[in-house]
Trainee: 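Please see the structure below; I have some questions.
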Amino acid sequence: MIKNGKLLRIFYSKPRSVHNNMEREITATKELIVNMGPQHPATHGVLRLVLDVDGERIIKCTPYVGYLHRGIEKLSEDLTYVQALPLTDRLDYLASAANNIGFCVAIEKLLGLEVPPRAKFIRTIMGEMARICSHLVWIATHALDIGAMTVFLYAMRDREVFLDLFEMVTGARMTVSYPRVGGVDVMLTTNFLINCINLLKHFQKKLLSMRP
Amino acid sequence: MQSSDIVNLLKEKFSKEILCTVYFRGDCTIIIKRDKAKEILKFLKETPSLDFDYLIDVTGVDYMGARQPRFNVVYHLMSIKNANRIRVKVEVPEEDCWVETVSDLWATANWHERECFDMFGIEFKGHPDLRRILMPEDWEGYPLRKDYPVGSDLGDKEWKTFKDILQQTKERA
């Protein structure tokens with residue numbers, strides 16, 4: 001990407017300070033500025049890193065982290081608490097139930113509400129299922145990054161069962177919006193409980209199969 | 001150590017600086033004046049019996065039209081050793097909008113203060129690198145202020161670079 005002894009401009013809005021640096025002549029110095037991202041296969045998200053490199057060595061790294069900022073706080077300004085609940089799903093869509101519960105607990109604390117024990121149990125079950133789902137995705141992508149494709153497939157296959165369980169109760173697979181302020185949306189079905197117990201019987205064995 | 005003990009300790013040392021303390025559902029909040037805010041936070045961190053070594057969050061609040069002064073900067077502190085939590089609020093008026101940085105006390109404050117500056121336009125004096133962090137560098141206005149519009153009716157506040165990029169894309173096509 002070298003043109004007339006200068007680095008070609010990278011098409012991006014205008015962080016002017018960086019642009020000025022980019023136009024430095026390569027012959028003038030050994031250091032090079034490399035723009036990594038916003039889209040890059042190694043970042044698992046949108047993140048831009050401006051790297052000062054000297055050969056293979058990174059001398060300085062300036063991260064630009066705002067690409068995933070969606071202004072949820074600003075959006076929530078005009079919404080009621082219940083309307084803002086679906087936004088909390090999207091904070092971490094791999095463990096959305098856990099985010100919902102955190103949001104509801106905060107409102108209950110403000111209102112001074114006591115949640116019935118049954119709702120607490122249901123929330124715990126859903127929260128733990130969300131946690132397992134999230135951790136399965138973690139191990140899947142982490143293994144994929146170091147070249148272990150099989151673990152990725154195993155973890156995604158096992159996660160599917162949990163997503164089916166979420167769908168059985170809430171109607172949604174990932175963004176569940178299941179808890180409500182003061183309790184939960186609907187009661188768990190018998191079908192869910194049977195499937196959940198069945199899953200617990202087999203899941204540990206599957207988990208062990210992912211060990212190296 | 002109970003949170004009331006912490007408050008008493010602070011009141012002994014900084015009686016003039018503490019405006020009030022609020023207890024709400026087990027949370028303790030101390031509202032302090034701005035001038036010696038950094039000293040108080042330093043005291044909270046460096047006194048061995050308090051040992052607030054973990055700064056959970058720095059954020060701002062805009063009380064436009066509801067309270068004077070308009071802004072608060074909120075520090076959430078935790079002591080990992082003593083398992084204590086405390087919330088410190090510093091009052092910041094609109095026309096003279098600054099507080100001193102605490103990024104030399106807790107390194108994590110660096111990015112939190114940048115975010116607070118980005119969203120509320122509160123200046124952190126002595127901050128090593130006070131730039132916008134979430135919004136683009138050439139964004140105008142401070143989005144989390146209450147007088148900043150929520151919807152699409154930004155008018156002349158719309159991000160100019162976005163229009164430029166649209167224009168460039170059209171020209172390329």
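Each chain gets a letter, A, B and so on, in the order the sequences are listed, and its residues count up from 1.
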Trainee: Does any backbone or side-chain atom of A:Leu110 lie under 4.5 Å from a heavy atom of chain B? Answer side chain, backbone, both or neither.
Mentor: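 Answer is both: backbone and side chain atoms of A:Leu110 are under 4.5 Å from chain B.
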Trainee: Using the ring pair (Phe, Tyr, Trp, His ring centres under 6.0 Å) rule, take A:Phe166 and A:Tyr178 through it: C-alpha gap first, then chi angles, then the decisive distance, then the call.
Mentor: CA-CA 9 Å; A:Phe166 275 127; A:Tyr178 180 59; 8.4 Å; no
Trainee: Give a yes-or-no answer on whether the side chains of A:Asp89 and A:Asn100 include a donor-acceptor pair shorter than 3.5 Å.
Mentor: yes
Trainee: Taking the basic N atoms (NZ, or NE/NH1/NH2) and the acidic carboxylate oxygens, is any pair closer than 4.0 Å for B:Asp51 and B:Lys45?
Mentor: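 The answer is no: the pair does not qualify as a salt bridge.
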Trainee: Give, as side chain, backbone, both or neither, the part of A:Ser76 having an atom under 4.5 angstrom from any heavy atom of chain B.
Mentor: neither
Trainee: Under a 4.5 Å cutoff for heavy-atom pairs, which residue among A:Glu77, A:Glu73, A:Lys109 has the most contacts with chain B?
Mentor: A:Lys109
Trainee: Below 4.5 Å from any heavy atom of chain A, which atoms of B:Arg131 appear? Answer side chain, backbone, both or neither.
Mentor: side chain
Trainee: Can you tell me which portion of B:Asp27 sits under 4.5 Å from chain A's heavy atoms? Options are side chain, backbone, both or neither.
Mentor: side chain
Trainee: Are the charged groups of B:Asp35 and B:Lys16 less than 4.0 angstrom apart, N to O?
Mentor: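 Answer for the salt bridge query: no.
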Trainee: So that I can tick it off, tell me whether A:Glu114 and A:Lys120 are bridged by a salt bridge, with the cut-off set at under 4.0 angstrom between side-chain N and carboxylate O.
Mentor: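 Counted as a salt bridge, because a side-chain N and a carboxylate O are separated by less than 4.0 Å.
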